[in-house]
Amino acid sequence: MTNDEWEQRLVNSATLQEQGTGCAACAGTGGWPGLGGGLGHWVPCKACDETGLQAAAAGLSADGLSARA
């Protein structure tokens, strides 16, 4: 993950938040830089499957961890 890629994710996140569709776990970024790894290590958001969308919009259960049947 480069600084430019992270900045673009923040821009996309702001758009999703304005629309009310951003994931509550990652704020619409789809993940976050790993601890101690700077921007080189990326941790994908499991709640939204890295989409940045709210769990309901991503087709997941309310807990954001498992697919709805």
Side-chain angles (χ1 to χ4, degrees):
M1 169 82 38
T2 67
N3 285 329
D4 288 341
E5 289 169 331
W6 178 243
E7 290 299 322
Q8 184 58 49
R9 283 183 178 270
L10 292 177
V11 169
N12 292 340
S13 170
T15 301
L16 292 176
Q17 294 303 315
E18 287 173 9
Q19 296 171 350
T21 59
C23 172
C26 67
T29 61
W32 43 87
L35 295 175
L39 292 175
H41 178 71
W42 179 252
V43 179
C45 179
K46 293 181 182 178
C48 67
D49 197 25
E50 226 176 336
T51 65
L53 297 172
Q54 287 177 0
L60 301 176
S61 66
D63 66 8
L65 300 177
S66 57
R68 279 190 262 167

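Here the structure is a predicted model, which is why all the values come from computation and not from measurement.
Asn12 and Gln8 form a side-chain donor-acceptor contact under 3.5 Å, judged by distance and modelled atom types alone.
Smallest separation of non-hydrogen atoms from Ala47 and Cys23: CB-SG, 4.1 Å. Between Trp32 and Cys45, the shortest heavy-atom distance links the atoms CZ3-CB, 3.9 Å.
Applying the 4.5 Å side-chain rule to ILVMFWY residues, one finds that Val11 remains a lone member of its cluster.
Counting only residues at least two apart or on different chains, the salt bridge (Lys or Arg N to Asp or Glu O under 4.0 Å) pairs with a member in residues 8-32 are Arg9-Glu50. Listed by first and then second residue, the salt bridge (Lys or Arg N to Asp or Glu O under 4.0 Å) pairs that reach into residues 21-33 come to none, sequence neighbours excluded.
With sequence neighbours left out, the side chain to side chain contact (heavy atoms under 4.5 Å, CB included) criterion links Gln19 to Thr15, Leu16, Thr21. Under the side chain to side chain donor-acceptor pair (under 3.5 Å) criterion, Gln17 pairs with no residue, sequence neighbours left out.
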Please step through side-chain hydrogen bond (donor to acceptor under 3.5 Å, both in side chains) for the pair Asn3 and Glu7, ending with a clear verdict.
-> CA-CA 6 Å; Asn3 285 329; Glu7 290 299 322; over 6 Å; no
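Grouping the Ile, Leu, Val, Met, Phe, Trp and Tyr side chains by contacts below 4.5 angstrom, directly or via other members, places Trp42 with Leu10.
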